[in-house]
Amino acid sequence: MIHKRIIRTGVIVIIGISIILIRLAQIQLFDTKSFSHRNIDLIHESVKQRSQEVIIDNGRGKFYDRNMVPLTHEAIPTLVLFPFLNHMDWDIEKLAKIINVPAFEIKKVLQEAKGPVIFGEPNPLVLTPEQMEAINHLEIPGVFAVEKQFDRKITPAAQLIGILGENPEELKKRYPDREIPINTMIGISGLQKSFDEFLIQEESTKLIYHVDGRGSPLFGIDVKFVDQSNPFYPVKVQTTIDYEIQKKAEQIVDQYQIMKGGLILLDIESNSILASVSRPSLDISHPYANNGIKDMMLTAHTPGSVFKTVIAAASIDHQLAPPDRTFNCSVTIHGDIDEQYDHGILNFKDSFAASCNNTFATLAKELAEKDETIIETYAHMLGLNELTGWVGNVYHIENFKQLADEEKGYIYLEDEERKDLKLNAQTGIGQQSVRITPLAAANMMATIARGGEKKMVRAVESIQYKNGTELYRFPKKSLEGDHISSYTASKLQQLLREVVVNEKGTGKSLNDLPYPVAGKSGTAETYRQDKQGNELLNRWFVGYFPYEKPKYAMAVVNLDVIEGEGSVIPLFKDMVNFLFEFDQQRTE
């Protein structure tokens, strides 16, 4: 009996030891780089526990403007100090003299340091080139002058650029065949998401030293400089944004207290985004608060009278708007007396300038009677109900989209809307189910300004290797499908100019600008109310300039404002004035 008990106990002990040995083998031999369901790299983590380091560059690719000005980061010449200096006899006075800081301040920073420090953080001391050279010439272990990469506190065009985050599941889903640490940052939105495969970090550049359990240097006081082993990475993404224009655009949008909406500016010749401002602002620490992560310039909204441009194009082609035809612009789209507007009897040209609802509701119904698909067809010819961002094959990536967050506009939600003439009357004035993005609206203006040529919009010009050579350049591309004729485009150009020069025009306050403007205003009902019961409206102005030699197309939007407030025409005006001065300075 006792003998059997001993045998059983021995078996249990052997099984227990075997389990422990198997577990140890799993940890130390087999799953060292992908331990547990979280795929933890045990070797990396163990080294990390006995290392202290300063990351100079995290190794992820970065974004630049069209002139290669950094957008997402700043390279700042800084002073790095390692805490083992506390246990050394070194010439602190020489360092203090070089950086013009009392020695006791340097001592205090080191005494409070739990690891390597950037002197002066969170507002690091910025060194001159002469100071950097003098500091490194001292050759003091633990004292380094380096150019460190810092994230910008406020990223220009924040929603367009997008944000980063840790998401192990998404990381594994995107890169199932690559061994990547689970804490690797990936793009969550915007261009960071679209270009993630090119940008994802390989190796970081850092200063590192190893410590024992008490934090003292393990292998002496030598600090190791670890640089990228790949001379081509990280890559540089050259966007089409102009940093100086972007800064001013954000300043002006905030000056006019746009709480929801923003501005998007296109270069007509290259059909690329020069500036993009979206509000609410994006708070990096709480990106989903107040929907700040959402790019309002790529989001479809009710456009109101901006959509009358589509009805005008179709009416011109189908001979529904001869010069001698007139419309009663003192009645609503249903034939009732208009309590708000009393424009009288207007022809087509003046109707467009004054944005007469009855004219374009009438024309929309007549177009729908001819063919229930006409309005959608012309919206497509002007690029409003399709994705306008650059799409194409980039190496092994098929249908690569620069603007992954772009929404597609639409005209109808249900088939009955196409057949119902009353609903088409609402559609004709940009109400009912009509939704377009400010990006598409600006692109429509660029299309008209070019004489009808419809192009994809670029946000990125090229991807460059670390050494500046090109990995890929994004070519200009046309949008597929039919487009308006040059004749129709010229007629639309004249109508859009009338909005500004005509005494009845809704944009006549823009008639005194140094760059002549052509454009269209819009005020859309949202069928929603604020907490006080006020109806919420969307205010738009979209246009291009200069009129004779078009250079810029722009859409400005102020969403969810109340009656009598939120006009965007003054904002549009200020941007035109700035761009004129900006261009004058560049040519001097």
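All of these numbers come straight from a predicted model, not from anything done at the bench.
- A perpendicular orientation is assigned to the rings of Y472 and F474, their planes being inclined by more than 60° (bins at 30° and 60°).
- Using a cutoff of 4.0 Å between basic side-chain nitrogens and carboxylate oxygens, K454 and E386 are scored as salt-bridged.
- For the pair D254 and R279, the salt-bridge criterion is met [side-chain N within less than 4.0 Å of a carboxylate O].
- No side-chain donor from either of E461 and S272 sits under 3.5 Å from a side-chain acceptor of the other.
- Under the 4.0 Å criterion applied to side-chain N and carboxylate O atoms, E269 and K551 are not assigned as salt-bridge partners.
- Under 3.5 Å, the side chains of S194 and Q402 contain no donor-acceptor pair of N or O atoms.
- A side-chain donor from one of R435 and T302 sits under 3.5 Å from a side-chain acceptor of the other.
- If you check the side chains of E250 and Q246, you find a donor sitting under 3.5 Å from an acceptor.
- A salt bridge links D196 with R60: the distance from a Lys NZ or Arg NE/NH1/NH2 to an Asp or Glu carboxylate oxygen falls below 4.0 Å.
- The side chain to side chain donor-acceptor pair (under 3.5 Å) contacts involving residues 96-111 comprise nothing, where partners must be two or more places apart or lie in separate chains.
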I'd like a table of donor-acceptor pairs (distance under 3.5 Å, sequence neighbours excluded) in which one partner is a side-chain atom from residues 391-399, with atom names and distances.
residue: N393; atom: OD1; partner: N399; partner atom: N; Å: 2.9
residue: Y395; atom: OH; partner: L471; partner atom: O; Å: 2.4
residue: H396; atom: NE2; partner: E197; partner atom: OE2; Å: 2.8

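- Under the 3.5 Å distance criterion, the side-chain polar atoms of W90 are matched with a main-chain donor or acceptor of L85.
- For the atom pair T437 OG1 and E407 CD, the distance stands at 8.5 Å (nearest 0.5 Å).
- Using a 4.0 Å cut-off between charged side-chain N and carboxylate O, K153 and E74 make no salt bridge.
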